[in-house]
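Report on one structure; see the data block that follows.
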Number of protein chains: 2
Amino acid sequence: MAIAAISAKRSATRLPTGSAARSFDRRLGEILRHATDVFYEKGYEGASMRDLSRASGMSLAGLYHYFESKEKLLYLIQRTTFRTIIDRVQERLAVGKDPEERVRIFISNHLGYFLANKKAMSVLSHEDDTLKNGYGQEIAAIKREYYRICLELLEDLKRAKGLEFPARIAVLSLFGMMNWFYTWHNPRVDADAEALSRQMGDIFLSGITRPAGGTGNLRGRRPRKV
Amino acid sequence: MAIAAISAKRSATRLPTGSAARSFDRRLGEILRHATDVFYEKGYEGASMRDLSRASGMSLAGLYHYFESKEKLLYLIQRTTFRTIIDRVQERLAVGKDPEERVRIFISNHLGYFLANKKAMSVLSHEDDTLKNGYGQEIAAIKREYYRICLELLEDLKRAKGLEFPARIAVLSLFGMMNWFYTWHNPRVDADAEALSRQMGDIFLSGITRPAGGTGNLRGRRPRKV
DNA sequence: CATAATATCGAACGTTCGTTCGGTATTGTC
DNA sequence: GACAATACCGAACGAACGTTCGATATTATG
């Protein structure tokens, strides 16, 4: 989960030595993992600190040695997950040249990470608006950063191919397709990450790579007013 | 909201006369509307009965005259919303002949209703898995009914045009696009229901109406393994 | 106008909530 | 092995939770 040096509850006192810090972070990581499971099962509000205590095999009071509040715990989970997926996609984008391939890399990275870390990503999606004030703003900023990466990939694609489509709607539609799937994906029925990425990529990419011009409506047909 | 004869809390005793029943249902409808607002703002678990009492201007105990539990309240909101949107789409589909037009009608109905009833639909989406046991099964059954309508529209389209695409993934991608948008839609920035339906319809429909055959991957390009 | 049914309420019930306190094990350092 | 820092815990705190009870207004019906 790559929690290195999260330092959830150290600031006032002198930092401890290296090995102690490492063991602290390792233990905190375990707690975060268990908390992710519980938040995934019961939702943030529905999960109690006693649930977390039970799941992580640590006493209720003992948990507070590692973080100062339930809110901070959700914040740490969301931040770690977001940062990791952003780091990974940037790493992978470094080797992609073709604009369309780069969009596929983004999709494949997102779905691949989602499938491999279903619970954490579900908590990220489902508790999207749960955090308020400071923590909420920080997470929102990271989310914007991630959104912007995707937006720029699509803008590049538009430029390179001379396409015309509303980029904002396209980005958010893509995120919708990808993020919604935690509500239905069944590993026994549905394809794996690679096939899923190809399928969704096909739908999305051929959806936006229509040639420019016209009303943007297929064969000029207009939907009935609703 | 069309709550007619919901009868949230009547079964044992003889049913009251028409006018009394009507006033009961009207009041219950008001409570459901206020509860929808509160659930939208704070989430189901995060909203307390005292919040609902404050929002609807009725005492805490008084609420229980109209329904027997907080759970039932969410159930009533979800059932009413679902039934209404299903009724409407079936009404509108009755006049559509062309398979593609029918898919557009479905999209336009969903987004149009979503925009006009943003809070109720958000509660439907966000509290997707909140209800357990009996209530949960009932809502899940209605959801399957709605899913099936959309699936059959896409199967019809496949047949009519000789297309090849994974219908299940397509349906769920479409629902993803449409349902995710409550997390980002801003009426001051984003288009209205009609334009939004056209844009999403364009992306989705030209996404799935690629000609059949081949790997299903654009220009044979394969995404890097993740 | 009496009377039954409906609508509404203040107060309380028992439970669970997130968090804290004071303390004891356990561990690392010299 | 002494000593300080770290890790952990049982018990409790006050607040908030969903729900119920007994009673009183309000309304509809004869």
Side-chain angles (χ1 to χ4, degrees), chain A residues 6-32 34-35 38-39 42-76 127 130-133 135, chain B residues 7-31 34-35 38-39 42-76 130-132 135:
Chain A
I6 273 179
S7 297
K9 207 171 178 180
R10 298 203 225 88
S11 48
T13 60
R14 197 150 15 123
L15 286 176
T17 67
S19 88
R22 231 173 291 127
S23 113
F24 181 93
D25 284 350
R26 183 162 12 92
R27 198 84 174 86
L28 174 57
E30 289 169 22
I31 295 172
L32 286 181
H34 285 118
V38 178
F39 288 161
K42 320 185 90 172
Y44 171 76
E45 300 277 3
S48 74
M49 290 300 295
R50 281 152 186 89
D51 291 330
L52 304 183
S53 158
R54 204 172 309 117
S56 57
M58 180 176 286
S59 76
L60 188 53
L63 290 174
Y64 283 87
H65 181 63
Y66 290 95
F67 51 89
E68 51 246 301
S69 69
K70 189 186 169 191
E71 219 188 349
K72 175 114 188 197
L73 197 55
L74 177 59
Y75 161 76
L76 288 174
E127 311 297 346
T130 305
L131 290 171
K132 306 293 179 197
N133 308 322
Y135 291 152
Chain B
S7 298
K9 207 170 178 178
R10 297 205 225 86
S11 49
T13 60
R14 192 151 17 122
L15 286 176
T17 66
S19 87
R22 231 172 291 128
S23 112
F24 181 93
D25 284 348
R26 186 164 8 93
R27 197 89 175 84
L28 174 57
E30 289 168 21
I31 294 172
H34 286 118
V38 178
F39 287 161
K42 320 185 91 174
Y44 172 76
E45 299 277 4
S48 74
M49 290 299 295
R50 282 153 186 89
D51 291 330
L52 304 182
S53 157
R54 206 172 309 116
S56 58
M58 180 176 285
S59 76
L60 187 54
L63 289 174
Y64 283 86
H65 181 63
Y66 290 94
F67 51 89
E68 52 247 300
S69 70
K70 189 186 170 190
E71 219 188 349
K72 174 114 187 198
L73 198 55
L74 177 59
Y75 162 76
L76 288 174
T130 305
L131 290 172
K132 307 290 179 199
Y135 291 150

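Below, read A as the first sequence line, B as the second, and so on, with proteins coming before strands; counting in each chain starts at 1. None of these values were measured; they are calculated from a predicted model.
For the pair A:R22 CZ and C:dG28 P, the computed distance is 12 Å after rounding to whole Å. Taking atom CD on A:E71 and atom C1' on C:dT19, their separation rounds to 13 Å, with Å as the unit. In this structure, A:H65 atom NE2 and C:dT26 atom P are separated by 15 Å, rounded to whole Å. Summarising the geometry, the separation between CZ on B:F24 and P on C:dT8 is reported as 10 Å, rounded to the nearest angstrom. Atom CG of B:L63 is separated from atom C1' of D:dG18 by 12 Å (rounded to the nearest Å). Taking atom CD on A:E45 and atom P on C:dC17, their separation rounds to 12 Å, with Å as the unit. One can place CZ of B:R50 at 11 Å from C1' of C:dA11, the figure rounded to the nearest angstrom. Between A:Y44 atom OH and C:dC17 atom P the separation is 13 Å, expressed in whole Å.
Counting heavy atoms from C-beta on, the side chains of A:L63 and A:L73 never come closer than 4.5 Å. The closest side-chain heavy-atom distance from B:R27 to B:H65 is not below 4.5 Å. In this structure, the side chains of B:M49 and B:L52 come closer than 4.5 Å at one or more pairs of heavy atoms.
Residue B:S48 places at least one side-chain N or O closer than 4.0 Å to OP1 or OP2 of D:dC17. Listed pair B:S23 / C:dA7 meets the phosphate criterion, a side-chain N or O lying under 4.0 Å from OP1 or OP2. Residue B:R27 has a polar side-chain atom (N or O) positioned under 4.0 Å from OP1 or OP2 of C:dT8.
Closest-nucleotide positions on DNA chain D for B:K70 and A:G57 were compared, and the one nearer the 5' end corresponds to A:G57. Comparing A:A61 and A:G46 along DNA chain C, the residue whose closest nucleotide (by nearest heavy atom) sits nearer the 5' end is A:G46.
Looking at the side chain of B:L60, the nearest of the listed nucleotides C:dA12, C:dT19, C:dT8 is C:dA12. Among the nucleotides D:dT19, C:dT19, C:dC17, the one closest to any side-chain atom of B:Y64 is D:dT19.
Classified by interplanar angle (parallel below 30°, tilted 30° to 60°, perpendicular above 60°), the ring pair A:Y75/A:Y135 is parallel.
In this structure, A:K70 contributes its side chain and A:Y44 its backbone to a donor-acceptor pair below 3.5 Å.
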